[in-house]
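First comes the structure, then the notes that go with it.
Residues: numbered from 1 along the sequence shown.
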Amino acid sequence: MKKKTIIGRKDKGDFPELGLEDLAIKIDTGAYTSAIHCHKAEVKEVDGKEVLTFTLLDPSHEQYDNKEYSTEHFTEKQVKNSFGSSEKRYAIKTKIFLFDKLYPIELSLSERGEMRFPILIGRKFLMGKFIVDSSKYNLSSKLKTIKNNLQ
């Protein structure tokens, strides 16, 4: 049986493919999917192909850079929001760096501007890899700081 890593209720993660580091994440075992704050997303046709263009975070976030991302590799999903209503969201596949390891992750693009955390990590990502200890926080971030200080 594979050993699972203990993760706390909140942490910081890196998203190298998106150029984002030390982004605050909230671990939510009540959510099935994971989400990232996106305030603009639309599908455009480019050279006969559907391309999703999106902007992550928003101007009030310290890492906001108004960068428009685009990908042909996306899906459209029906996701239940925290209020129990179903809504259509786009989802992208990327990678997250936690506990000195790069993991594949699927993130739905969601309006999270009113939330404290721009990233929500749900059960689909956590299963088989992590055990959540809600009394702990920033375990991955602290490990990264220790390793950086040793170099």
Side-chain angles (χ1 to χ4, degrees), residues 1-41 52-65 67-151:
M1 192 155 124
K2 189 175 157 189
K3 187 174 186 265
K4 296 177 187 172
T5 303
I6 295 174
I7 192 167
R9 68 182 182 274
K10 63 182 180 174
D11 214 317
K12 291 185 178 181
D14 297 341
F15 296 84
E17 295 176 335
L18 301 173
L20 300 169
E21 288 186 1
D22 289 328
L23 211 54
I25 59 176
K26 178 182 178 187
I27 307 304
D28 186 350
T29 59
Y32 180 67
T33 57
S34 299
I36 188 167
H37 176 49
C38 171
H39 77 279
K40 253 194 293 189
L52 174 66
T53 61
F54 54 98
T55 305
L56 298 175
L57 310 174
D58 60 40
S60 66
H61 193 278
E62 61 193 21
Q63 289 192 48
Y64 177 77
D65 62 4
K67 179 180 177 185
E68 186 175 83
Y69 297 84
S70 64
T71 183
E72 293 176 28
H73 307 287
F74 67 96
T75 55
E76 238 178 283
K77 299 187 176 244
Q78 284 295 121
V79 177
K80 268 193 186 164
N81 64 22
S82 55
F83 307 110
S85 1
S86 205
E87 61 186 33
K88 182 179 79 171
R89 286 191 197 160
Y90 298 110
I92 60 167
K93 290 185 178 180
T94 190
K95 294 192 171 37
I96 182 173
F97 189 77
L98 289 171
F99 295 98
D100 229 14
K101 189 172 176 186
L102 204 55
Y103 296 95
I105 189 170
E106 183 178 60
L107 297 170
S108 69
L109 305 181
S110 173
E111 171 55 58
R112 296 186 52 79
E114 300 298 315
M115 307 295 184
R116 263 183 72 203
F117 296 88
I119 305 280
L120 182 86
I121 302 293
R123 294 187 314 271
K124 185 177 177 184
F125 173 75
L126 297 168
M127 281 190 287
K129 296 183 274 299
F130 298 97
I131 295 173
V132 179
D133 182 340
S134 62
S135 70
K136 309 255 188 240
Y137 59 92
N138 293 339
L139 298 177
S140 177
S141 181
K142 288 173 186 171
L143 175 68
K144 183 178 168 185
T145 301
I146 290 167
K147 288 199 172 210
N148 286 340
N149 288 339
L150 292 175
Q151 293 177 351

Aromatic ring pairing Y90/F74, orientation class (parallel under 30°, perpendicular over 60°, tilted between): perpendicular

Does Y69 use its side chain to pair, donor to acceptor, with the backbone of L18 at less than 3.5 Å? yes

Specify whether F125 and Y103 have parallel, tilted or perpendicular ring planes, treating 30° as the upper limit for parallel and 60° as the lower limit for perpendicular. perpendicular

Taking the six-membered ring of Y137 as reference, does the NZ or CZ atom of K12 fall below 6.0 Å from its centre and within a 45° cone about the axis? no

First locate atom OG1 of T5, then atom CG of L139, and finally report the distance between them rounded to the nearest 0.5 Å. 10.0 Å

So which heavy atom on L109 is nearest to which on A41, and how close? CD1-CB, 4.3 Å

Donor-acceptor contact below 3.5 Å, side chain R89 vs main chain K77: no

For the atom pair OH (Y64) and NE2 (H37), what is the distance rounded to the nearest 0.5 Å? 9.0 Å

Heavy-atom count around K129 NZ within 6.0 Å, excluding the residue itself: above 12? yes

Between F117 and A24, the two heavy atoms sitting closest are CD2-CB, 3.8 Å

I36 CD1 to E106 CD distance, which is reported to the nearest 0.5 Å: 13.0 Å

Between atom CG of D11 and atom CD1 of I96, what is the distance when rounded to the nearest 0.5 Å? 8.5 Å

Is it the case that atom NZ in K93 sees more than 12 heavy atoms from other parts of the structure closer than 6.0 Å? no

Could you check whether any side-chain N or O of S34 sits under 3.5 Å from a backbone N or O of I121, counting only pairs where one atom can act as donor and the other as acceptor? no

Determine whether more than 12 heavy atoms belonging to other residues, nucleotides or ligands lie under 6.0 Å from atom CD1 of I6. no

Would you say that L23 contacts L57 through its side chain, given a criterion of any heavy-atom pair below 4.5 Å between the two side chains? yes

Shortest non-hydrogen contact between H61 and P118, atoms and distance: NE2-CG, 3.9 Å

With a 4.5 Å limit on heavy-atom distance, are the side chains of E87 and Q78 in contact? no

Would you compute the distance between atom CG of D14 and atom OG of S141 and round it to the nearest 0.5 angstrom? 9.0 Å

Closest approach of F54 and T71, non-hydrogen atoms and distance? CE2-CG2, 4.0 Å

Can you tell me if K26 has over 12 outside heavy atoms packed within less than 6.0 Å of its NZ? no

From I105 atom CD1 to L98 atom CG, the distance as rounded to the nearest 0.5 Å: 7.5 Å

Smallest separation among heavy atoms of A31 and L120, with atom names: CB-CD2, 3.7 Å

Nearest non-hydrogen partners of D22 and Q63, listed with the distance: O-NE2, 3.8 Å

